[in-house]
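Working notes, structure below.
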Amino acid sequence: MASDDAPAVPIPEDVASLWKSLDPAVRAALIESESAHAASSASSSKAPAKEGAQGRRALGSTGPRMDDATSKFIGGTSFVKREANPGWIKVRTEAYDAVKGRRDAELEGKVPVDVEVTLPDGKTLTEDKEGKKFQSWRTSPFDVACAISRGLADNSSVARVTYASYVSDYDPAEDGMDAVDTLADSMAELEVADGDEEKDAEGGGKLAPVLWDMTRPLVGPVSKIEFLKFEDDGDARTVFWHSSAHVLGEALERLYGSRLTIGPPLAGGFYYDSYMGDASSDGAFNEDDYKPVEAEVTKIVKKKQKFERLVVTKEEALELFAGNPFKEQIISTKVPDGTRTTVYRCGDLVDLCRGPHVPHTGRIKAFAATRHSATSWLGDTDNDSLQRMYGISFPDKKMLKVWKENQEKAKERDHRRIAQKQNLVWFHELSAGSAFWLPHGARIYNKLISFIKEHYWKRGYDEIITPNVYNLDLWHQSGHAMHYKDAMFCFDVEGKEWAMKPMNCPGHCLVFAGKIRSYRDLPLRFADFGVLHRNELSGALSGLTRVRRFQQDDAHIFCREDQIESEVIGALDFMKSVYTTFGMTYKLELSTRPEKALGDKELWDRAEAALARAMDTFAGKGGWRENPGDGAFYGPKIDIKVMDAMERVHQCATVQLDFQLPIRFDLQYNTGSREKGNEFARPVMVHRAMLGSVERMFAVLCEHYGGKWPFWLSPRQCMLIPVHKDWNDYCQEVRDKLHNEGFYADVDLSKATFQKKVRSAQVDQYNFQLVVGGEEVKNGTVNIRTRENKVEGEKKVDDLIAFFKELQAEHK
């Protein structure tokens with residue numbers, strides 16, 4: 001099961017049993033009631049947002065749309081034409097200054113108290129280099145970093161702070177910390193991942209780590225502080241690009257009077273959406289806007305404008321953003337009455353934002369506008385049309401240069417381009433999101449599956465085959481129906497609702513529950529390459545990286561609690577073998593108990609300790625990092641970040657523990673104990689995948705190799721090239737012999753010149769060209785050239801076959 005295959009909200013153990021015992025008619029009524037509730041909820045707000053976010057899902061009624069057309073345009077005359085430095089910027093700045101005066105007066109009433117700050121190595125600091133005590137409401141992470149070294153302070157984008165406690169006069173609600181993350185909420189409606197989510201509590205009264213502005217005063221003793229740099233930490237890059245989005249927004253306001261909407265960070269960069277009027281205005285972006293925007297950003301950066309956080313009431317926020325109907329809508333609908341939220345200011349820009357941000361705009365040393373597009377407010381095509389501008393930025397100009405070089409390489413290596421050029425995969429609009437695997441593409445696809453199956457045989461996995469369609473009762477029991485149904489293909493079967501499976505785990509639970517299991521049977525390792533279907537939004541479909549039909553190297557391990565460590569080590573060793581074969585490196589992260597974790601805390605603690613021991617054994621202490629509070633609600637997990645040839649990060653493999661599905665399906669095994677109450681125990685379920693989606697891994701490998709497939713994976717392993725037509729029959733005989741040995745061999749019998757035949761074979765990425773002339777026919781040999789045009793010389797055909805077998809066996 002891939003990393004996003006999380007079961008939905010679990011139910012108590014007794015309810016799982018109760019569900020099974022209910023009369024079918026009662027179950028049907030309950031399902032109908034839940035479905036009606038879900039449909040009602042979806043129609044109120046969620047469904048339009050999800051549909052508009054990236055297009056439409058495939059529906060039973062797909063065809064001409066017949067929605068009730070009610071205008072939801074709110075932009076109006078807030079933007080009429082492009083205007084540099086519009087007057088409303090000054091009005092907003094004056095309103096900001098007034099609010100800031102009120103917050104400054106509140107701050108004066110706070111009483112500073114001495115605080116201790118603990119570093120990751122356990123060392124405690126209480127004062128700076130001049131002996132000045134660290135105090136709440138006064139000392140910032142930047143000050144603490146300076147006490148270590150000024151270089152550390154200047155190079156850190158943000159701090160990750162874990163408070164031991166808060167000082168008595170600190171109230172998170174008063175400080176805007178309890179407010180809804182308006183950016184993340186809007187992004188959720190757009191189905192954009194937010195890498196900057198904060199977790200306010202970890203459970204058990206312990207405060208979870210939180211990202212904190214370097215210049216924002218601390219509000220209590222700190223049990224751990226980390227200083228995050230762009231080069232080393234994903235959170236630091238997210239914050240850096242979020243700040244860069246604000247700078248882009250400031251430039252757009254200054255140059256064109258854009259009405260900003262949302263501007264999130266992405267996995268590699270950022271964008272800002274802005275309202276630039278309707279089709280009759282001159283607001284639409286074009287490539288000629290890139291250089292003016294970049295020049296304006298350069299001015300902003302040179303000024304080293306400070307990022308300033310300000311807490312505002314709902315009424316103050318509405319006053320600040322009066323005239324911007326999009327910000328007004330966010331505030332009105334997302335910020336509850338009587339609460340506070342936050343804004344950030346840099347220069348002339350004031351933006352609704354939870355933060356955090358880098359200390360000042362001068363940290364952004366390199367910036368480029370990369371592309372633009374049209375979109376819609378909240379992704380709903382019935383709403384106002386917006387203009388989106390994307391950007392990228394770095395703390396060093398050399399990084400931008402390298403990024404641009406990699407972008408050019410990425411274009412050349414794009415799997416969609418290579419797959420088309422090499423005739424591997426094809427798509428058709430009549431089955432959008434489902435690939436047609438052409439003969440040469442199917443060779444690679446099947447070889448990947450065979451590669452994993454070889455490992456299964458050696459590592460004690462049992463392959464099973466499970467149904468593609470199930471009664472929706474299964475997905476109600478597993479919990480997926482409640483929160484995943486809109487991403488499932490559902491249909492009617494004799495008056496009952498059925499669905500195509502989007503994941504294998506519930507079916508595997510049925511297999512486990514199909515007979516009485518003994519502790520001696522465990523671990524059970526069920527592997528399944530079953531075809532999966534997910535009803536992805538049409539606009540989210542992207543080559544082979546986001547599809548509707550796919551297969552996974554999906555496996556679920558059912559084990560005893562005392563077997564967790566050994567099974568995880570086995571899974572990690574499996575992963576290492578796979579990615580070493582691919583020539584890719586990886587990093588490991590242990591994601592631990594989140595705020596909304598379900599299940600007994602002691603069980604979580606034991607499971608996390610087992611995972612940590614397994615990772616220490618596998619990678620050595622210090623060979624992995626902890627990602628606190630980022631586990632799935634149903635169990636801790638190991639995130640495996642894989643780096644390709646261009647040093648891009650992919651998350652394909654996963655190892656996750658699951659305590660909840662065994663409860664939902666009432667899974668048990670006989671412990672062998674005769675002690676009353678201990679005769680049966682609940683197994684732990686381990687979800688694991690090495691490739692993840694075979695389709696997505698195909699795309700990753702296609703770009704990793706740049707279309708130059710290694711021999712063992714190659715769909716075109718050798719091309720026989722006769723120097724003259726007199727040797728055609730010999731070439732055909734050699735080709736047949738190679739084919740019978742299981743190799744992909746072809747013969748070029750065309751009338752092209754010899755040089756053109758060699759060049760064509762190299763362009764088509766045949767690993768070897770086997771040249772045949774009179775001497776080779778006489779000697780029973782072939783003359784070998786590589787696709788890099790290196791001449792290897794003559795080799796007997798039988799020796800060639802042995803050589804090919806060696807390459808195949810060693811996965812070279």
Side-chain angles (χ1 to χ4, degrees), residues 412-426 435-451 543-544 581-583 645 694-695 697-723 727-728 730-772 776 782-792 795 797 799-812:
E412 291 296 313
R413 289 173 176 251
D414 190 306
H415 76 277
R416 292 164 293 190
R417 174 182 171 276
I418 292 171
Q420 181 180 18
K421 187 176 180 180
Q422 295 186 4
N423 211 27
L424 304 176
V425 179
W426 181 63
F436 289 79
W437 291 89
L438 302 177
H440 289 86
R443 291 175 178 180
I444 302 172
Y445 195 95
N446 289 331
K447 190 61 72 75
L448 286 171
I449 291 176
S450 296
F451 171 58
L544 292 168
T581 298
F582 293 151
V694 181
E695 280 76 358
M697 179 52 65
F698 178 98
V700 169
L701 290 175
C702 192
E703 297 181 4
H704 174 60
Y705 294 128
K708 295 181 182 291
W709 301 97
F711 182 83
W712 75 276
L713 261 183
S714 178
R716 298 177 174 89
Q717 293 175 321
C718 61
M719 171 69 81
L720 283 119
I721 302 174
V723 175
W727 322 127
N728 285 2
Y730 176 81
C731 286
Q732 190 63 50
E733 290 174 11
V734 174
R735 179 264 167 203
D736 291 345
K737 191 170 184 178
L738 289 168
H739 177 81
N740 291 337
E741 292 289 345
F743 300 111
Y744 301 130
D746 296 305
V747 185
D748 189 342
L749 300 178
S750 71
K751 295 181 180 180
T753 64
F754 169 73
Q755 289 80 6
K756 187 171 183 181
K757 288 180 179 181
V758 171
R759 180 58 185 155
S760 295
Q762 291 170 349
V763 169
D764 290 341
Q765 297 303 325
Y766 280 88
N767 299 77
F768 297 101
Q769 298 92 55
L770 309 180
V771 178
V772 173
E776 284 77 23
V782 292
N783 204 303
I784 304 172
R785 292 189 185 201
T786 69
R787 64 181 160 204
E788 289 77 26
N789 206 29
K790 180 181 178 183
V791 178
E792 299 284 352
K795 194 180 284 283
V797 174
D799 292 340
L800 176 70
I801 291 172
F803 172 59
F804 281 179
K805 286 182 176 179
E806 184 180 338
L807 291 177
Q808 197 97 286
E810 296 178 1
H811 298 103
K812 292 183 177 178

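Just so it is clear, the structure is predicted and the values come from calculations on it, not from any experiment.
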Spell out, as yes or no, whether a donor-acceptor pair under 3.5 Å connects the side chain of [X] to the backbone of [Y].
X      : Y      : answer
Gln422 : Gly707 : yes
Asp764 : Tyr766 : no
His415 : Gly543 : no

Check your understanding: Any luck finding a side-chain donor-acceptor pair between Gln732 and Asn728 under 3.5 Å?
Key ->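 Short answer, no.
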> With no hydrogens and no angle check, do the side chains of Glu776 and Trp727 hold a donor and an acceptor under 3.5 Å apart?
Replying inline: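 Result is no, nothing qualifies.
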Requested in this report: Give a yes or no on whether the ring-centroid distance for Phe698 and Trp437 is below 6.0 angstrom.
Outcome: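 Yes, they do, as the ring centres are separated by less than 6.0 Å.
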Interatomic spacing from [atom1] in [X] to [atom2] in [Y] - rounded to 0.5 Å:
X      : Y      : atom1 : atom2 : answer
Ser450 : Arg443 : OG    : CZ    : 13.5 Å
Ser714 : Lys708 : OG    : NZ    : 11.5 Å
Ile444 : Leu438 : CD1   : CG    : 11.0 Å
Asn423 : Lys421 : CG    : NZ    : 13.0 Å
Gln717 : Leu770 : CD    : CG    : 11.0 Å

Non-hydrogen side-chain atoms of [X] and [Y] separated by less than 4.5 Å:
X      : Y      : answer
Arg787 : Gln769 : yes
Tyr705 : Pro710 : yes
Cys702 : Arg416 : no
Phe804 : Asn767 : no
Val771 : Phe754 : yes
Arg716 : Tyr744 : no
Leu701 : Trp709 : yes
Val734 : Val747 : no

When the ring planes of Phe451 and Phe582 are compared, do they come out parallel, tilted or perpendicular, using 30° and 60° as the limits?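 Geometry flag for Phe582 against Phe451: tilted rings.
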Checklist entry - Which residue, Phe743, Phe768, Trp712, forms the side-chain contact (heavy atoms from CB on, under 4.5 Å) with Leu807? => result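 Between Leu807 and the candidates, side-chain contact (heavy atoms from CB on, under 4.5 Å) is satisfied uniquely by Phe768.
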### Query
After noting the C-alpha distance and the side-chain angles of Leu800 and Leu738, does the key distance pass the side-chain contact (heavy atoms from CB on, under 4.5 Å) rule?
CA-CA 9 Å; Leu800 176 70; Leu738 289 168; 4.2 Å; yes
**Item:** CA sep, side-chain torsions, deciding dist, call: Gln808, Lys447, side-chain contact (heavy atoms from CB on, under 4.5 Å)
**Value:** CA-CA 11 Å; Gln808 197 97 286; Lys447 190 61 72 75; 3.7 Å; yes
key: Glu806/Lys812 ion pair, N-O < 4.0 Å   =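 No, this pair does not count.
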